[in-house]
Amino acid sequence: MVHFVGAGPGAVDLITLRGAKLLEEADQVIYAGSLVNPALLTRCRLDCRILNSAEMTLEQVIAAIEEAEQDGLMTVRLHTGDPSLYGAVREQTDRLDALGIPYDVTPGVSSFCAAAASLHAEYTLPGLSQTLILTRMAGRTPVPDRERLEELAKHGASMALFLSAGMLREVQAALLQGAYTENTPAAIVYKASWPEEKALRCTVGTLAETAQEAGITKTALILVGDFLKGDYARSRLYAPDFTTGYRKGTDAT
Ligand code: SAH
């Protein structure tokens, strides 16, 4: 059996209870390189076989899993954050399906959640934005044309950019072609929840220079949008005059 596990954003106590238990039971762990905090691996049994997938191809990962399966051993495939985002998980599960190897998936706390936490931010503020766009700048991995950053930027919604910290001049130019301006609030969160975390607030116009001054080129999320600063409307849910299925407001007749 193979368990895909979300390791969380980095802090060792931000893995789920289920994920931690599976790590403790694993006969083999294949972890996603430098993005996974190595301190998490101290949960593994002393006789657990530990492999770093950053040094492996998909074929080698599948071969290591197949080998363990033949010996009746359990593998944890440890992905950073939540496996469903930029995890290259589907290409693994499709192969396991073809091989008839059973698996399940344990979700994790994604880095975009940890980044908001470190900034005390809320992506969805009434009157400002009710949408969060999770995306990336096209790099060595292309992005479908209809999802080009310039296109997505037209919405002016809250945005979290993965895998883009090394391309901030291009990011700025693309964002400015949309609804954002030089003064739109932005933030760079490096290694959210790790001991060495850095959370830097800036604007769309100063993203590249802020990252350069701090020496940040990777393992960072770029957050953009008025949610980082602007004026918002109070929620209706907790307004005294608002009646819900659970609470009678002063608007009740
Ligand atoms: N599945 C992961 C994302 C993997 S892609 C998740 O859910 O978070 C790798 C990218 O995620 C990095 O380039 C960076 O943009 C972001 N990332 C991962 N961990 C991070 C962290 N702790 N802090 C900031 N960004 C992080």
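This structure is a prediction, so every number in the text was calculated from the model and none was measured. In each ligand, atom 1 is the first atom listed, and ligand 1 is the first ligand listed.
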Remaining members of the apolar cluster that contains Val29, side-chain heavy atoms under 4.5 Å: Val5, Val12, Ile15, Leu22, Leu23, Tyr31, Val36, Leu40, Leu41, Ile50, Met74, Val76, Leu78
Using the ring pair (Phe, Tyr, Trp, His ring centres under 6.0 Å) criterion, which residues pair with Phe227? Sequence neighbours excluded. Tyr123
Parallel, tilted or perpendicular: which fits the ring planes of Phe162 and Tyr86, with parallel below 30° and perpendicular above 60°? tilted
Could you work out, with side-chain hydrogen bond (donor to acceptor under 3.5 Å, both in side chains) as the rule, every residue matching Thr219, not counting sequence neighbours? none
Under 4.0 Å from ligand 1, residues with heavy atoms, in chain and number order, are Pro9, Leu35, Thr80, Gly81, Asp82, Leu85, Tyr86, Ser110, Ser111, Phe162, Leu163, Val189, Lys191, Ala192, Trp194, Thr219, Ala220, Leu221
Heavy-atom side-chain contact between Arg49 and Asp27 under 4.5 Å: no
Donor-acceptor side-chain pairing of Asp97 and Tyr103 below 3.5 angstrom: yes
